[in-house]
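Structure record follows, encoded as structure tokens.
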Amino acid sequence: SAWDISQISPDGQFTAYVAGEGNEKSIYVKDNSGEQAIEIFKGLTMVSSLRWSPGGNEIFFTTLKDTSWSSYIVPKLGGKIQQLKTIQYGCWSPDENLIAGIYSTDKHIILIKRETGEVVKTIELKGSFHWLYDIDWSPNGEKIVFLTSDKKLEKYSIWIIKTDGSQQQKILDGNKSNYCPRWSPDGNYIYYLQSNGETNDLMKMEISPITSNKTSKVIQSGL
């Protein structure tokens, strides 16, 4: 599934993941050394974003609970929960001050102030797409990568845009669906999953400022 995802913490010590059936799924955090998992949120239908803060102390997630989408920030071992403006996909800024969020039917990215939940910027998007899904913020804080598809789900694209709203650039176009774009720590590559029949391929794309020809290669197939 493209949803109900898991993620390893920045220090590699913990894994956050979703488990459960139907409308009773929960988010758990497990110490990778083998300690028992801690349930930090329960009663969910599905989770579309599950993202550790860059410092590794908190988890941002967006969830469908019954028929309503909600987004939250929760400490990694549970505790006081902060609810944010409703979005379907989101990610942290490198300095943890902002959350970038999208909703599938919108044509913009909103930047939410982490402390107050206030929308401080709206980045308008161009292009002939109908659906927005998934997003990631570059390590230097200057760019955001996001995914789109057309109405008939026949065309899938990966885009990059600067956080000031300029230089929106399509870096991949194709008929295979893509998921989970993630910048490499040095910001020189983007990793993503690409559907390939019944399985997915893990792809790696070099992001070079001196060329517009972005080439991808398969890192792992059969996932």
Kindly say whether [Y] contributes a backbone atom to a donor-acceptor pair with the side chain of [X] at under 3.5 angstrom?
X: W52; Y: Q7; value: yes
X: H130; Y: K151; value: yes
X: S195; Y: S177; value: yes

Side-chain touch [X]/[Y], heavy atoms, less than 4.5 angstrom:
X: I123; Y: H108; result: no
X: Q169; Y: I207; result: no
X: T62; Y: Y103; result: no
X: W159; Y: L132; result: no
X: L84; Y: I73; result: yes
X: Y156; Y: L147; result: no
X: V29; Y: I40; result: yes
X: V145; Y: W183; result: yes

Once you round to the nearest 0.5 Å, how far does [atom1] of [X] lie from [atom2] of [Y]?
X: K162; Y: S138; atom1: NZ; atom2: OG; value: 10.0 Å
X: E124; Y: D106; atom1: CD; atom2: CG; value: 9.5 Å
X: C91; Y: I135; atom1: SG; atom2: CD1; value: 4.5 Å
X: S53; Y: D95; atom1: OG; atom2: CG; value: 11.5 Å
X: L44; Y: S70; atom1: CG; atom2: OG; value: 9.0 Å
X: T122; Y: I110; atom1: OG1; atom2: CD1; value: 7.0 Å

Looking at [X], I'd like to know if its [atom1] atom is crowded, meaning that more than 12 non-hydrogen atoms belonging to other residues, nucleotides or ligands lie closer than 6.0 Å.
X: K113; atom1: NZ; answer: no
X: K85; atom1: NZ; answer: no
X: E154; atom1: CD; answer: yes
X: I81; atom1: CD1; answer: yes

Residue that, paired with Q88, satisfies side-chain hydrogen bond (donor to acceptor under 3.5 Å, both in side chains) out of S48, S49, S104: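 The residue from S48, S49, S104 that satisfies side-chain hydrogen bond (donor to acceptor under 3.5 Å, both in side chains) with Q88 turns out to be S104.
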
Quiz item: cation-pi between K155 and F129, 6.0 Å / 45°: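 No, K155 does not sit over the ring of F129.
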
Y191 six-ring face occupied by K204 cation (under 6.0 Å, within 45°):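 Checked: cation-pi criterion not met.
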
Side chain to side chain contact (heavy atoms under 4.5 Å, CB included) assessment of L125 paired with T148: CA-CA 11 Å; L125 303 175; T148 67; over 6 Å; no

Intermediate values then yes/no, ring pair (Phe, Tyr, Trp, His ring centres under 6.0 Å), F60 and Y72: CA-CA 6 Å; F60 165 82; Y72 302 92; 9.2 Å; no

Distance-only side-chain donor-acceptor flag, S221 / D201, under 3.5 Å: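 Side-chain D/A pair, S221 to D201: absent.
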
No-hydrogen, no-angle side-chain donor-acceptor test under 3.5 Å, N32 and Q13: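 There is no such pair (donor and acceptor under 3.5 Å, judged by atom type) between the side chains of N32 and Q13.
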
ILVMFWY cluster, I99 and I144 together (side-chain gap under 4.5 Å):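 No; tracing contacts between hydrophobic side chains, which count when under 4.5 Å, never links both residues.
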
Residues D136, K143: salt bridge by 4.0 Å N-O rule: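 No, this pair does not count.
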
Of R114, R51, K76, the residue whose pairing with E58 passes salt bridge (charged side-chain N to carboxylate O under 4.0 Å, His left out):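 Per the salt bridge (charged side-chain N to carboxylate O under 4.0 Å, His left out) rule, the option paired with E58 is R114, out of R114, R51, K76.
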
Output field: ring centroids F61/F41 closer than 6.0 Å: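 That pair passes the under 6.0 Å test.
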
